[in-house]
Amino acid sequence: MATVAASGAVAGGGPVLRTRARSQWWDVWDQFRSHKGAMAGAIIFLLIVLVVLIGPYVWDVDPTKTNIRARNAPMSLTAPFGTDQLGRDIFARMIEGGRVSLAVGMTAMLLSLFLGTLVGVLAGYFRRLDGVLMRLTDLFLALPLLPLLLVMVLLFREPLTAAFGIEMGIFILIVSAIGITSWMQTARIVRGDVLALKEREFVLAARATGTPPRRIVTRHILPNIMSPIMVSATLGIATAIITESALSFLGLGFPPDFPTWGRLLNDGVPYLELYPGRAFWPGMAISLVVLSINYVGDGLRDALDPRIRGR
């Protein structure tokens, strides 16, 4: 698509319209910002990310500091969300928990995306690997994921905490467990797109000129499947955050003194009748992040699909 840049004149003739090529990403942005839900979701998600990143520098209260005299305090200027049963500031713990939950979600999404894209590209482009990799994908899809996650946590928790320390060890364990059990949908989507792309004229022409498969995949296949990969990335963050919250809620995630939104939700359940805010705030944070990311994923799907763009 082109946009008007300027107009000029030639000798003995009328004005000539000069045009400048417009980047395809501008069309993607125009379609994305026309999706009101996606824009609202992106704004909410960015605000939450800014709060958890900048919050500790503005609200410099130690989230692990206890003050028994101030325990179970209501909402106030000194403690916007009140304090817990040990007098710890809930707002500070929410900020710290958000940093951990978002870090787990982002890292697990990258691992899941890498595995899914690798398996999908190999299965779609190399016919001899298709059957083996797709049966492996079907095997993982048939496994009950939550029991599998629980078994992985119970088996590898002690060795990893002994090797890397309790916090880093559990972080590696949770990220690896979520990433290894959530790549299958991405692999199926990527495989379908690769199967269609490898029969296109530009790929056949590259193959006819003797271009090696690795270069065809990196130069021609991957750039044309970025749309489903980016959509899977956004939805993968939401899935990872929910899974980490579920594990922490069951008491199999991070230790009690290391806050995450799932752990805070678990800690607030026994006090639900007396102090409902302790479960409300982390539950609201998880819901807002997941809902906003889902809307962003819907907007990206519409913006990156040329069949929908411009409607």
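Just so it is clear, the structure is predicted and the values come from calculations on it, not from any experiment.
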Rounded at 0.5 Å granularity, tell me how far CG in Leu300 sits from CG in Leu235. 9.0 Å

Are any side-chain N or O atoms of Thr186 and backbone N or O atoms of Leu113, one a donor and one an acceptor, separated by less than 3.5 Å? no

Do Met152 and Thr181 have side-chain heavy atoms sitting under 4.5 Å apart? yes

Would you say Tyr295 and Ile237 are hydrophobically clustered, going by side-chain heavy atoms of ILVMFWY under 4.5 Å? no

May I ask you to say whether Arg135 pairs ionically with Asp138, meaning some side-chain N is under 4.0 Å from a carboxylate O? yes

So Leu204 and Glu201, do their side chains get closer than 4.5 Å, heavy atoms only? no

Would you give the length of the straight line joining atom OH of Tyr271 to atom CD of Gln85, rounded to the nearest 0.5 angstrom? 4.0 Å

Gly277 versus Pro282, closest heavy-atom pair with distance: O-CD, 4.3 Å

Under the criterion side chain to side chain contact (heavy atoms under 4.5 Å, CB included), I'd like the reasoning laid out for Ile241 against Val104: C-alpha separation, chi angles, the key distance, then a yes or no. CA-CA 7 Å; Ile241 291 175; Val104 169; over 6 Å; no

With a 3.5 Å distance limit and no angle check, can you tell me whether Ser248 reaches the backbone of Ser245 through a side-chain donor-acceptor pair? no

Taking Asp130 for the side chain and Phe126 for the main chain, is one N or O donor matched with an acceptor at less than 3.5 Å? no

Please find the pair of heavy atoms, one from Ile178 and one from Thr243, that lie closest to each other, and give the distance. CG1-CG2, 3.8 Å

If the threshold is 4.0 Å, N to carboxylate O, is there a salt bridge linking Asp89 and Lys65? no

May I have the step-by-step check of side chain to side chain contact (heavy atoms under 4.5 Å, CB included) for Phe164 and Ile170, ending in yes or no? CA-CA 9 Å; Phe164 299 99; Ile170 294 179; over 6 Å; no

Is Arg263 close to Asn266 at the side-chain level, that is, under 4.5 Å between some pair of heavy atoms? yes

Output yes when a side-chain donor or acceptor of Lys198 lies under 3.5 Å from a complementary backbone atom of Val203, and no otherwise. no

Output yes when a side-chain donor or acceptor of Thr211 lies under 3.5 Å from a complementary backbone atom of Arg207, and no otherwise. no

Side-chain heavy-atom pair Met39, Arg33 within 4.5 angstrom cut-off: yes

Working to the nearest 0.5 angstrom, can you tell me the gap between Ile44 CD1 and Ile293 CD1? 11.5 Å

Start with the C-alpha distance between Leu102 and Phe45, add both sets of side-chain angles, then the distance that settles side chain to side chain contact (heavy atoms under 4.5 Å, CB included), and finish with yes or no. CA-CA 11 Å; Leu102 291 178; Phe45 181 68; 4.2 Å; yes

Work out which heavy atom in Thr260 is nearest to a heavy atom in Ser101; give both atom names and the distance. CB-OG, 3.8 Å

If only atom types and distance count, is the side chain of Thr209 paired as donor or acceptor with the main-chain N or O of Ala206 below 3.5 Å? yes

Donor-acceptor pair, side chain of Arg99 and main chain of Val52, under 3.5 angstrom: yes

Rounded to the nearest 0.5 Å, how far apart are CG of Leu160 and CD of Glu158? 10.0 Å

At their closest point, which heavy atom of Val296 faces which heavy atom of Ala38, and how far apart are they? CG2-O, 3.8 Å

How about Leu264 and Arg278: do any of their side-chain heavy atoms sit closer than 4.5 Å? no

Verify the neighbour count for atom CZ of Phe171: are there more than 12 heavy atoms of other residues, nucleotides or ligands below 6.0 Å? yes

Any idea which heavy atoms bring Ile95 and Val51 closest together, and the distance? CG2-O, 4.0 Å

Would you call Thr234 and Met230 a side-chain contact if the rule is heavy atoms closer than 4.5 Å? no

Answer yes or no: is there a donor N or O on one side and an acceptor on the other, between the side chain of Thr161 and the main chain of Arg157, under 3.5 Å? yes

Check: Gln185/Ser232 side-chain N/O donor and acceptor closer than 3.5 Å: no

Using the six-membered ring wherever Trp is involved, compare the ring planes of Trp59 and Phe91 and label them parallel, tilted or perpendicular (cut-offs 30° and 60°). perpendicular

With no hydrogens and no angle check, is any side-chain donor or acceptor of Arg93 less than 3.5 Å from a backbone partner on Pro63? yes

With the side chain counted from C-beta on, respond yes when Arg71 and Asn67 share a heavy-atom pair under 4.5 Å apart, and no when they do not. no

Neighbour count >12 (heavy atoms, 6.0 Å) for atom CZ, Phe114: no

Less than 4.5 Å apart, any side-chain heavy atom of Glu244 and any of Trp261? no

Starting at CZ of Arg191, measure out to CG of Asp193 and round the result to the nearest 0.5 Å. 11.0 Å

Rounded to the nearest 0.5 Å, what separation is found between the CG atom of Asp84 and the OH atom of Tyr275? 11.0 Å

Just by distance, do the side chain of Asn294 and the backbone of Val290 share a donor-acceptor pair under 3.5 Å? yes

Work out which heavy atom in Ser182 is nearest to a heavy atom in Ser112; give both atom names and the distance. O-OG, 2.8 Å

Step by step, work out the side chain to side chain contact (heavy atoms under 4.5 Å, CB included) result for Asn224 and Arg200. CA-CA 11 Å; Asn224 286 282; Arg200 297 283 297 273; over 6 Å; no

Compute the ring centroids of Phe140 and Trp183, then answer whether they are less than 6.0 Å apart. yes

Leu136, Met184: one ILVMFWY side-chain cluster at the under-4.5 Å cut-off? yes

